[in-house]
Amino acid sequence: MSSHTTNNTLNLSTFACAWCGLTVSAYAADGVPRNHCPSCLRSRHVLDHVEGGPSDCEGRMSPIAIAVLRTGDWMVIHRCVRCDELTSNPVCADDNQLILMRMAVRPLAQPPFPLEAFGTL
């Protein structure tokens, strides 16, 4: 009889959210890699999206807007609070829906012009 050893250990990489402290899996529930907190949607500036590779900034990334691609996929737009670099990251299935909707409707709720202007058209 031969001896067979199976390693059933699941190695999940995690990170601690720099804003809210939540321990976050580096993978969303559907297995897609994530780089932001599903609770507060904030991230860390660890990749240089302009030049590629790792970033020396390490600043905190704040979610500032939602973009919708032609495919219908939603992206979270982040701005680094240290260097102002903008990034886009896919919305994950378990991201905080209330924060996503607040960002999506912000342009309608707070337009850059008075809504009364529509009354005279």
Work out which heavy atom in Pro63 is nearest to a heavy atom in Cys40; give both atom names and the distance. CG-O, 3.9 Å
Min side-chain heavy-atom separation Leu86-Ile64 under 4.5 Å: yes
Residues in side chain to side chain contact (heavy atoms under 4.5 Å, CB included) with Ala18, at least two apart? Arg44, Arg60
Can you give me the closest heavy-atom contact between Ile77 and Ser88, atom names plus distance? CD1-CB, 3.6 Å
Check residues 66-73 and write down every donor-acceptor pair under 3.5 Å in which the side-chain atom is one partner and the other belongs to a residue at least two apart or another chain.
unit_1 : atom_1 : unit_2 : atom_2 : d
Thr71  : OG1    : Asp73  : N      : 3.4
Thr71  : OG1    : Asp73  : OD2    : 3.1

Once you round to the nearest 0.5 Å, how far does CZ of Arg42 lie from CD1 of Ile99? 7.0 Å
Report the distance from atom CG of Asn89 to atom OG of Ser43, rounding to the nearest 0.5 Å. 6.0 Å
Can you pull out every salt bridge (Lys or Arg N to Asp or Glu O under 4.0 Å) where at least one residue sits in residues 87-106? Sequence neighbours excluded, please. Arg34-Asp94, Arg34-Asp95
Distance in Å, Asp56 CG paired with Glu58 CD, rounded so as to fall on 0.5 Å steps: 8.0 Å
Do you know the tightest heavy-atom contact between Ala65 and Met103? N-SD, 3.7 Å
Can you confirm whether Ser62 sits close enough to Trp19 that some side-chain heavy atom of one is under 4.5 Å from a side-chain heavy atom of the other? yes
Show every ring-ring contact (aromatic ring centres under 6.0 Å, His included) that has at least one partner inside residues 50-86, sequence neighbours left out. His36-His78
Could you pull out all residues at least two apart from Pro111 that satisfy side chain to side chain contact (heavy atoms under 4.5 Å, CB included)? Phe113, Leu115
To check you understand the geometry: which heavy-atom pair defines the closest contact between Gly59 and Cys80, and what is its length? CA-SG, 4.0 Å
For Leu22, the other hydrophobic cluster members (4.5 Å side-chain criterion, sorted by chain and number) are Phe15, Val24
Residues 74-86 vs salt bridge (Lys or Arg N to Asp or Glu O under 4.0 Å), sequence neighbours excluded, gives none
Is there a side-chain contact between Cys20 and Cys37, using heavy atoms and a 4.5 Å cut-off? yes
List the steps, then state whether side-chain contact (heavy atoms from CB on, under 4.5 Å) holds for Leu100 with Val76. CA-CA 8 Å; Leu100 290 170; Val76 178; 4.1 Å; yes
Can you list everything that forms a side chain to side chain contact (heavy atoms under 4.5 Å, CB included) with Val105? Sequence neighbours excluded, please. none
